[in-house]
Amino acid sequence: MTQEIFPTILGVIALSATAPLAQTVTTDSFDVRITIVAECEITSTETLDFGTQGVLGTDVDAAATMEVTCTDTTPYDIGLNEGLGAGATTSVRQMTSGGETIAYALFQDAGRVTNWGNAVGADTQPATGTGDAQSFTVFGRVLAQATPAPGTYTDTVTVTVTY
């Protein structure tokens, strides 16, 4: 019986001599970080188009939208300047064609009561960021006025977001 056990023990010793030894595994960790600062972006604007008109005997209304994206909880104000028309103000803007003009106004509300200007705290549109795009409507009105010569009348208004 001793002879039968001896080869078995030798086999076990031979197998354990070739088996890999356990390795010590070390671990570590690392941090992941991002710092978000208050920021706003104008993410889209569209043309405010009063369409094709004839005699300007009555007011002509139109609307356009723009989107602003600000970091969550960031307070901001959207302002619209007077545009490029000669003699324009933020209360009465001017579209021009050659030397002629058409007066128009921009408002924050559909009733066209609250002027949309560029003085923070006075006539800008205040809001607070959500982290997602927020949509705002600009309500425009071409005032009833003496109709100038036929042509395409344009203006460019600058949007400013203050945060």
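Computed from a predicted structure; not experimentally measured. These numbers come from the heavy atoms of this one structure, side chains and all, not from hydrogens, waters or symmetry mates. Each residue takes its place number in the sequence, starting with 1.
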K.L.:
Indicate yes or no: at least one non-hydrogen side-chain atom of T71 is less than 4.5 angstrom from one of Y163.
P.N.:
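No, side chains not in contact.
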K.L.:
Restricting to non-hydrogen atoms, name the atom on A105 and the atom on S91 that form the minimum distance, rounded to 0.1 Å.
P.N.:
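Heavy atoms only, the tightest pair is CB-O, 3.7 Å.
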K.L.:
Is any side-chain heavy atom of L56 closer than 4.5 Å to a side-chain heavy atom of V142?
P.N.:
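Yes, side chains in contact.
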K.L.:
Looking at CD1 of I78 and CE of M66, how far apart are the two atoms once the value is rounded to the nearest 0.5 Å?
P.N.:
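Reported value, rounded in 0.5 Å steps: 5.0 Å.
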K.L.:
Less than 3.5 Å apart, any donor N or O on the side chain of Q125 or Y76 sitting next to an acceptor on the other?
P.N.:
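No pair is found: no donor N or O on one side chain lies under 3.5 Å from an acceptor on the other.
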K.L.:
Within the structure provided, determine whether D132 and Q134 are in side-chain contact (heavy-atom separation under 4.5 Å).
P.N.:
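D132 vs Q134: side chains apart.
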K.L.:
Donor-acceptor pair, distance only, cut-off 3.5 Å: does the side chain of S97 make one with the backbone of E100?
P.N.:
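Not confirmed, S97 side chain does not pair with E100 backbone.
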K.L.:
With heavy-atom distances below 4.5 Å as the criterion, would you say the side chains of F139 and Q108 are in contact?
P.N.:
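No - every pair of side-chain heavy atoms lies 4.5 Å or more apart.
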K.L.:
Give me the atom names and distance for the closest heavy-atom approach of F50 to A62.
P.N.:
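The answer is CD2-CB, 3.6 Å.
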K.L.:
Among the clusters formed by ILVMFWY side chains lying less than 4.5 Å apart, do V68 and F107 turn up in the same one?
P.N.:
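Different clusters.
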K.L.:
Report the distance from atom OG1 of T96 to atom CD of Q94, rounding to the nearest 0.5 Å.
P.N.:
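The distance works out to 9.0 Å.
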K.L.:
Is the shortest distance from a Lys or Arg side-chain nitrogen in D61 or R112 to a carboxylate oxygen in the other one below 4.0 Å?
P.N.:
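A salt bridge links D61 with R112.
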K.L.:
Taking the side chain from E67 and the backbone from S44, do they hold a donor-acceptor pair closer than 3.5 Å?
P.N.:
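Flag not set: sc E67 to bb S44 has no pair under 3.5 Å.
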K.L.:
With a 4.5 Å cut-off on side-chain heavy-atom distances among I, L, V, M, F, W and Y, is there a chain of contacts connecting M95 to V159?
P.N.:
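Yes, it is one cluster - the side chains of M95 and V159 are joined through contacts under 4.5 Å.
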K.L.:
Closest heavy-atom contact between T65 and S135?
P.N.:
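The pair with the smallest heavy-atom distance is CB-OG, 4.2 Å.
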K.L.:
Between I42 and F136, is there shared hydrophobic-cluster membership here, with clusters defined by ILVMFWY side-chain heavy atoms closer than 4.5 Å?
P.N.:
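I42 and F136: one cluster.
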K.L.:
If I compare all heavy atoms of T137 with all of W116, which pair ends up nearest, and what's the gap?
P.N.:
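Closest approach of T137 to W116: O-CZ3, 3.3 Å.
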K.L.:
How about T101 and P148: do any of their side-chain heavy atoms sit closer than 4.5 Å?
P.N.:
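Side chain of T101 against side chain of P148, heavy atoms only: no contact under 4.5 Å found.
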K.L.:
Side-chain heavy atoms nearer than 4.5 Å, only ILVMFWY residues, links allowed to pass through others: does that put V120 and V138 together?
P.N.:
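Hydrophobic grouping puts V120 apart from V138.
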K.L.:
Just by distance, do the side chain of N115 and the backbone of T90 share a donor-acceptor pair under 3.5 Å?
P.N.:
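Side chain of N115 to backbone of T90, a donor-acceptor pair under 3.5 Å: yes, one is there.
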K.L.:
Locate the shortest heavy-atom distance separating A38 from T74; write the atom from each residue and the value.
P.N.:
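Minimum heavy-atom separation between A38 and T74: CB-OG1, 3.8 Å.
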K.L.:
Examine V161 and L48 and state if one hydrophobic cluster contains both, with Ile, Leu, Val, Met, Phe, Trp and Tyr joined whenever side-chain heavy atoms are less than 4.5 Å apart.
P.N.:
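Looking at the clustering, L48 is in the same group as V161.
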K.L.:
Does the side chain of T114 come within less than 4.5 Å of D109's, by heavy atoms?
P.N.:
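Yes, side chains in contact.
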K.L.:
Under a 4.5 Å cut-off applied to non-hydrogen side-chain atoms, are L106 and R93 in contact?
P.N.:
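A side-chain contact exists here, since the closest heavy-atom pair is under 4.5 Å.
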K.L.:
Measuring from atom CG of D72 to atom CD1 of I36, what distance do you get when rounded to the nearest 0.5 angstrom?
P.N.:
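D72 atom CG to I36 atom CD1 measures 11.0 Å (nearest 0.5 Å).
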K.L.:
Would a distance-only check, ignoring hydrogens and angles, find a side-chain to backbone donor-acceptor pair under 3.5 Å from D59 to A144?
P.N.:
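Judged by distance alone, yes, a pair lies under 3.5 Å.
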K.L.:
Would T160 and N81 count as a side-chain contact (heavy atoms from CB on, under 4.5 Å) if you check the C-alpha gap in whole Å, the side-chain angles of each, and the deciding distance to 0.1 Å?
P.N.:
CA-CA 8 Å; T160 301; N81 79 348; 6.0 Å; no
K.L.:
May I ask you to decide if D49's main-chain N or O and T47's side chain share a donor-acceptor pair within less than 3.5 Å?
P.N.:
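The answer is no, because no donor-acceptor pair under 3.5 Å joins these two groups.
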K.L.:
Looking just at side-chain N and O atoms, do Y104 and D155 make a donor-acceptor pair shorter than 3.5 Å?
P.N.:
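The criterion, which ignores hydrogens and geometry beyond distance, is satisfied for D155 and Y104.
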K.L.:
Checking the side chain of Q145 only, and the main-chain atoms of A103 only, is there a donor and an acceptor separated by less than 3.5 Å?
P.N.:
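Such a contact is found between Q145 side chain and A103 backbone.
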